[in-house]
Amino acid sequence: MKRIALIASALAVLAGCGDFDSSSRRSHLKEIADELRAAYERFHARDFDGCIAMCHLILANDPGYTVAQELANDARTLKERENALGELVDILVAAIDCFESRDFDGCMAYCNWGLSREPDNVVAERLTEYVAAVREWEEHYEPLRDRVCEWRKSIKGKSTPQ
């Protein structure tokens, strides 16, 4: 519905051009409408570069056409957001890989990098908490391992573990 209103707006703006005869004006309006429709189709398909290119075609014919300018700006904004999101996903995947391989310093570095990009990112926050918990547990690992080893000796000797 919004797209139809925008196309109608484009047609109304262009209809005010007095330099064209009636058939030239109709042809020009149809061309602009087709280009605008194509730009919106590309936008909705998340082909932001294609959308921006179509808007440039429209703006080449009518540099002051605000609908095409706004659509191109929206496409640029969403493209930037998607690129930033993709970068954040790569950072978080690297953090998880480090966690799985027990590279906790690397995991923390990636988490901090992710949090600098998106301060409330739940994955980075949780990984940071998990690294802290694992590090705390590792401090107790040696004494616990020694105790478990004593249990093994007790079990083999058939005495009760202490």
Side-chain angles (χ1 to χ4, degrees), residues 1-139 141:
M1 191 63 141
K2 185 177 179 183
R3 184 170 72 187
I4 293 169
L6 291 172
I7 292 170
S9 170
L11 295 174
V13 168
L14 292 171
C17 300
D19 297 10
F20 299 104
D21 63 29
S22 183
S23 65
S24 294
R25 183 180 302 152
R26 255 192 305 275
S27 173
H28 185 69
L29 293 175
K30 181 176 177 350
E31 183 181 324
I32 294 291
D34 289 345
E35 289 170 350
L36 187 60
R37 187 178 306 108
Y40 271 99
E41 286 171 0
R42 284 173 172 80
F43 184 87
H44 290 292
R46 306 191 86 67
D47 174 11
F48 300 122
D49 290 329
C51 175
I52 293 166
M54 291 304 302
C55 289
H56 286 303
L57 282 175
I58 296 167
L59 293 168
N61 288 325
D62 184 359
Y65 189 56
T66 58
V67 173
Q69 290 170 348
E70 291 171 1
L71 181 59
N73 288 339
D74 289 347
R76 274 188 218 94
T77 299
L78 285 177
K79 180 182 174 183
E80 290 170 6
R81 285 185 187 161
E82 282 194 355
N83 288 343
L85 179 60
E87 196 173 277
L88 180 61
V89 167
D90 291 344
I91 291 167
L92 295 174
V93 167
I96 290 168
D97 290 344
C98 287
F99 185 86
E100 288 178 337
S101 67
R102 300 180 63 90
D103 174 10
F104 301 122
D105 291 334
C107 180
M108 288 303 296
Y110 280 115
C111 286
N112 290 334
W113 188 14
L115 289 169
S116 73
R117 302 212 175 230
E118 186 180 298
D120 295 329
N121 185 276
V122 175
V123 173
E125 288 175 347
R126 292 296 173 266
L127 273 173
T128 300
E129 292 170 7
Y130 293 172
V131 167
V134 168
R135 283 181 170 164
E136 182 179 330
W137 180 82
E138 280 190 326
E139 292 175 15
Y141 177 74

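Remember, predicted model here, so these are calculated numbers, not experimental data.
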What closest approach, in Å, do [X] and [Y] show between heavy atoms, and which atom pair accounts for it?
X: I91; Y: G114; answer: CG2-N, 3.8 Å
X: P119; Y: E125; answer: O-OE2, 3.5 Å
X: C107; Y: V131; answer: SG-CG2, 3.7 Å
X: A68; Y: C55; answer: O-SG, 3.4 Å

- Item | Partner residues of E87 under the side chain to side chain donor-acceptor pair (under 3.5 Å) criterion, sequence neighbours left out | R117
So do the side chains of [X] and [Y] get within less than 4.5 Å of each other, counting heavy atoms only?
X: E35; Y: E31; result: yes
X: L71; Y: Y40; result: yes
X: F48; Y: R42; result: no
X: L115; Y: D120; result: no

How long is the straight-line distance from [atom2] of [Y] back to [atom1] of [X], given to the nearest 0.5 Å?
X: L127; Y: N121; atom1: CG; atom2: CG; answer: 9.0 Å
X: I58; Y: Q69; atom1: CD1; atom2: CD; answer: 11.0 Å
X: R46; Y: K79; atom1: CZ; atom2: NZ; answer: 13.0 Å
X: D62; Y: I32; atom1: CG; atom2: CD1; answer: 6.5 Å
X: Y65; Y: L59; atom1: OH; atom2: CG; answer: 9.5 Å
X: C51; Y: L36; atom1: SG; atom2: CG; answer: 9.0 Å

- Qualifying ring pair (Phe, Tyr, Trp, His ring centres under 6.0 Å) pairs with a residue from residues 72-103, counting only residues at least two apart or across chains: F99-F104
- Considering only NZ, NE, NH1 and NH2 on the basic side and carboxylate oxygens on the acidic side, decide whether D105 and R135 come within less than 4.0 Å. yes
- Message: Between E129 and R126, does the salt bridge (charged side-chain N to carboxylate O under 4.0 Å, His left out) criterion hold? Intermediate values first, please.
- Response: CA-CA 5 Å; E129 292 170 7; R126 292 296 173 266; 3.4 Å; yes
- In sequence, state the C-alpha distance, the side-chain angles, and the governing distance for F43 and L78, and then conclude on side-chain contact (heavy atoms from CB on, under 4.5 Å). CA-CA 9 Å; F43 184 87; L78 285 177; 3.4 Å; yes
- Show your reasoning for whether side-chain contact (heavy atoms from CB on, under 4.5 Å) applies to E138 and R102. CA-CA 11 Å; E138 280 190 326; R102 300 180 63 90; 2.4 Å; yes
